[in-house]
Amino acid sequence: MERDERQLKLLSKVQIIYGILNVFVTYLFYETIFYWFDGYRKSMESTKPELQVEVELGFGLILFLIGVAILFCIILAGQSLARYESYEFCMLVAVFECLLIPIGTVVGVWTILVLRRESVRALFKTPRPPETPADQSTA
């Protein structure tokens with residue numbers, strides 16, 4: 001049981017750090033893409049109808065927002081792992097995380113392997129007492 005708790009705490013920290021770092025990397029990546037895209041947009045406007053240009057830009061923005069939502073789900077899954085809450089959500093995020101090659105795949109597979117243990121499932125099923133202010137000051 002203690003080994004599972006340690007691994008879940010470690011996984012929680014890895015998930016949160018991985019999610020936060022990916023949010024910054026995603027922001028920098030899209031900032032660069034939008035900077036480069038400005039010149040491309042001007043050339044597109046001269047050759048394509050304006051509506052088509054806006055649809056293509058809107059599609060890129062939607063993909064960006066979906067990516068950011070997935071990254072925030074990774075951070076939330078990390079917090080849930082630390083509190084032994086939302087087993088199904090953590091498993092679902094771990095499965096989707098496997099699509100983020102290469103680091104996400106490693107973290108996702110590790111999370112799936114840990115979450116599939118019966119002892120870990122038991123941790124998620126047992127209710128934890130709420131933390132009191134005295135518990136928080138010693139942590």
> So with a 6.0 Å cut-off around NZ of Lys13, is the heavy-atom count from everything else above 12?
Replying inline: no
> What do you reckon, is CG of Leu63 surrounded by more than 12 foreign heavy atoms closer than 6.0 Å?
Replying inline: yes
> Same cluster or not: are Phe124 and Leu10 linked, directly or through other Ile, Leu, Val, Met, Phe, Trp or Tyr residues, by side-chain heavy atoms under 4.5 angstrom apart?
Replying inline: yes
> In Å, rounded to the nearest 0.5 Å, how long is the span from SG of Cys73 to CD of Gln15?
Replying inline: 11.0 Å
>> So for atom CG, which belongs to Leu99, do other residues, nucleotides or ligands contribute more than 12 heavy atoms lying within a distance under 6.0 Å?
In response: yes
> Can you tell if the side chain of Trp110 reaches within under 4.5 Å of the side chain of Val14, non-hydrogen atoms only?
Replying inline: yes
>> Looking at Cys90, is its backbone amide N or carbonyl O close enough to the side chain of Ser80 to form a donor-acceptor pair, meaning the two atoms are under 3.5 Å apart?
In response: no
> In Å, rounded to the nearest 0.5 Å, how long is the span from CG of Leu71 to CG of Leu76?
Replying inline: 11.0 Å
>> For Phe89, I'd like to know if atom CZ has over 12 heavy atoms of other residues, nucleotides or ligands within 6.0 Å.
In response: yes
>> Under 4.5 Å between side-chain heavy atoms, counting indirect links through other Ile/Leu/Val/Met/Phe/Trp/Tyr residues: same cluster for Ile101 and Val106 or not?
In response: no
>> Just verifying a value: how many Å separate Leu92 CG and Glu97 CD, rounded to the nearest 0.5 Å?
In response: 11.0 Å
>> For Val107, is there any backbone N or O sitting under 3.5 Å from a side-chain donor or acceptor partner on Tyr18?
In response: no
> Do Gln7 and Glu2 come within less than 4.5 Å of each other through their side chains, counting heavy atoms only?
Replying inline: no
> Do you reckon Ile75 sits in the same ILVMFWY cluster as Leu65, going by side-chain contacts under 4.5 Å, direct or chained?
Replying inline: yes
>> Name the residue from Val114, Leu113, Leu115 that meets the side chain to side chain contact (heavy atoms under 4.5 Å, CB included) definition with Thr111.
In response: Leu115
>> For the CZ atom on Arg121, are there more than 12 heavy atoms of other groups (residues, nucleotides or ligands in this structure) within a distance under 6.0 Å?
In response: yes
> Do Ile74 and Val109 belong to the same hydrophobic cluster, where Ile, Leu, Val, Met, Phe, Trp and Tyr are linked whenever their side-chain heavy atoms lie under 4.5 Å apart, directly or via other members?
Replying inline: no
> Can Val68 and Phe72 be said to form a side chain to side chain contact (heavy atoms under 4.5 Å, CB included), step by step?
Replying inline: CA-CA 6 Å; Val68 170; Phe72 280 114; 3.3 Å; yes
>> Tell me whether Ser12 contacts the main-chain N or O of Leu8 through its side chain, where contact means a donor paired with an acceptor under 3.5 Å.
In response: no
> Hey, what do you get for CD1 (Ile16) to CD (Gln79), rounding to the nearest 0.5 Å?
Replying inline: 5.0 Å
> CD1 of Ile70 to CG of Leu100: how many Å apart, nearest 0.5 Å?
Replying inline: 7.0 Å
>> Nearest 0.5 angstrom please: Arg6 CZ to Asp4 CG, how far?
In response: 9.5 Å
> Nearest heavy-atom pair of Ile112 and Ala94: which atoms, and what distance?
Replying inline: CG1-CB, 3.7 Å
>> Show, in sequence, the C-alpha distance, side-chain angles and deciding distance for Tyr84 and Glu5, and conclude whether the side chain to side chain contact (heavy atoms under 4.5 Å, CB included) test is met.
In response: CA-CA 9 Å; Tyr84 315 128; Glu5 290 175 356; 3.3 Å; yes
> Does a side-chain heavy-atom distance below 4.5 Å link Tyr87 with Leu81?
Replying inline: no
